[in-house]
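What follows is a short report on a single structure.
Owing to the predicted nature of the structure, the values given are computational and were not obtained by experimental measurement. All chains are named by letter (A, B, ...) in the order of the sequence lines, taking the proteins before the strands, and each is independently numbered beginning at 1.
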Protein chains: 2
Amino acid sequence: MRERCSDPGVENPTAPTRPTIECWFDFASIYSYLSVMRIERECEPSGIAVDWQPFLLGPIFRSLGWTSSPFIAQQAKGNWAWIDMERQCAKYGLPWQRPSIFPQVALLPPRVALAARHEPWVGAFCRRLMQMNFAEAVDTASVQATRRALTELGLPADTIIEAAQAEPAKLALRVQTERAAAKGIFGAPTFFVDERMYWGNDRLDDALASLISRA
Amino acid sequence: MRERCSDPGVENPTAPTRPTIECWFDFASIYSYLSVMRIERECEPSGIAVDWQPFLLGPIFRSLGWTSSPFIAQQAKGNWAWIDMERQCAKYGLPWQRPSIFPQVALLPPRVALAARHEPWVGAFCRRLMQMNFAEAVDTASVQATRRALTELGLPADTIIEAAQAEPAKLALRVQTERAAAKGIFGAPTFFVDERMYWGNDRLDDALASLISRA
């Protein structure tokens with residue numbers, strides 16, 4: 001996959017003159033996997049920028065009185081979701097292996113991605129962690145997984161991880177998750193085009209179409 | 001909309017030699033509205049038959065411990081769903097008016113549709129009732145609504161309604177809803193192509209594509 005944002009001439013990939021889609025996602029969410037993997041390649045032909053917004057779905061589910069993912073709490077829906085993921089990954093040409101732990105709650109990846117959300121490598125980092133979780137059976141809650149992804153991208157892994165484990169990064173993720181709730185987000189992925197919300201990977205195409213039709 | 005099944009030469013629209021999609025739906029379900037309105041016109045070019053399977057989602061939700069639709073129980077999701085319905089109806093070219101009562105629990109329409117599910121007029125009847133509920137603010141729980149739809153279709157409304165109000169028709173709908181639960185159905189619409197399940201209007205195109213690819 002080509003990395004559009006790695007163009008060194010792009011200083012700020014979310015400059016206001018460029019059409020932008022906000023991508024709110026949780027690293028543990030199966031349908032977020034589909035969107036995170038495909039959003040930049042879908043946006044590229046139209047010059048749309050992705051504003052990466054990692055957050056945690058867990059606190060939002062808990063505020064609804066749920067103790068886990070609806071795919072765990074509702075067995076029939078969960079059974080179907082695994083079959084659906086196989087089909088959707090085949091449709092989008094994405095690798096897929098059902099994770100042994102679901103949902104895999106990992107705090108370091110979203111802390112790193114949130115701190116790096118304006119960096120040109122954020123998309124590649126998110127895709128790498130998603131692929132580890134949903135196609136390679138890697139334990140993404142381990143520091144090693146994040147270190148490996150950062151190292152593969154040629155980045156100073158230890159420095160980035162140290163910052164992501166410090167209090168300001170932890171606080172930033174809590175604030176981000178409160179922002180998600182305040183925006184009316186109840187699931188992931190969720191997209192925003194200006195103030196218009198689109199829930200689910202199944203609405204990514206509609207969200208992009210609304211941007212393209214205005215261009 | 002042209003009524004393919006009204007061809008008097010078609011004795012049994014679900015004859016086994018013809019590729020068939022089962023359409024399990026609830027008259028009160030917003031996403032069922034989208035699928036019921038479009039499924040026959042989507043199937044027509046490929047010669048796919050629709051096997052109409054009306055059922056009640058309420059007992060299935062109650063078995064999950066829910067007292068109402070998730071669009072009522074989860075306010076943020078419900079708020080979004082009304083916006084999404086406006087957009088989806090615009091996309092599919094369907095009329096839309098938010099119903100004053102939601103979910104509108106009406107027993108007569110599914111009892112009539114279940115008894116008529118092999119009749120050539122079943123699709124037209126389902127669309128008419130759906131449109132009354134979701135585009136014309138008609139109280140579809142009233143006997144008058146069903147009578148009007150049947151009369152418009154040139155059918156002996158009183159005879160059909162009398163049969164649908166008798167014990168066997170009531171029992172048939174209870175059995176049908178138990179069949180839905182036994183098949184693993186947890187929402188509506190749900191489609192089956194042979195034993196393969198597809199949940200949601202968003203998967204209708206995938207379900208049809210799987211049938212067409214085998215043809």
Side-chain angles (χ1 to χ4, degrees), chain A residues 24 31 34-35 57 59-67 70-92 180-211 213, chain B residues 24 31 34-35 57 59-67 70-92 179-210 213:
Chain A
W24 291 76
Y31 291 100
L34 300 177
S35 291
L57 206 42
I60 289 175
F61 283 166
R62 280 192 291 278
S63 76
L64 292 168
W66 302 349
T67 53
F71 299 128
I72 299 293
Q74 298 171 45
Q75 199 185 350
K77 184 181 272 189
N79 290 344
W80 181 80
W82 297 118
I83 295 168
D84 189 50
M85 279 301 294
E86 272 184 38
R87 292 178 188 152
Q88 298 304 308
C89 287
K91 188 166 75 174
Y92 293 120
K183 283 172 83 82
I185 288 176
F186 55 86
T190 295
F191 309 98
F192 284 88
V193 172
D194 302 325
E195 294 309 305
R196 294 197 306 283
M197 185 165 107
Y198 295 83
W199 171 49
N201 177 68
D202 292 320
R203 292 292 175 275
L204 175 53
D205 296 341
D206 287 352
L208 292 176
S210 82
L211 266 171
S213 69
Chain B
W24 291 76
Y31 291 100
L34 301 178
S35 291
L57 206 44
I60 290 176
F61 283 165
R62 280 192 291 277
S63 76
L64 292 167
W66 301 349
T67 52
F71 299 128
I72 298 294
Q74 299 171 46
Q75 199 185 350
K77 183 181 274 189
N79 291 345
W80 180 80
W82 296 120
I83 295 167
D84 188 51
M85 279 302 294
E86 271 183 38
R87 293 177 186 153
Q88 298 304 307
C89 288
K91 188 166 74 174
Y92 294 120
R179 281 183 61 218
K183 283 172 83 84
I185 289 176
F186 55 86
T190 295
F191 308 99
F192 284 89
V193 173
D194 302 327
E195 294 309 304
R196 294 197 306 284
M197 185 165 105
Y198 296 83
W199 171 50
N201 178 67
D202 292 321
R203 292 292 175 276
L204 175 53
D205 295 341
D206 288 351
L208 293 176
S210 82
S213 69

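Closest of all the heavy-atom pairs between B:G184 and A:A76 is O-CB, 3.7 Å. Across all non-hydrogen atoms, the minimal contact from A:W80 to B:W199 is CZ2-N, 3.2 Å.
Only the side chain of A:D84 has a heavy atom closer than 4.5 Å to any heavy atom of chain B. Heavy-atom distances place no part of B:Q75 under 4.5 Å from chain A, backbone and side chain included.
B:D202 places a side-chain heavy atom less than 4.5 Å from the side chain of A:R203.
In this structure, A:R87 does not pair ionically with B:D206, as no charged nitrogen and carboxylate oxygen lie closer than 4.0 Å.
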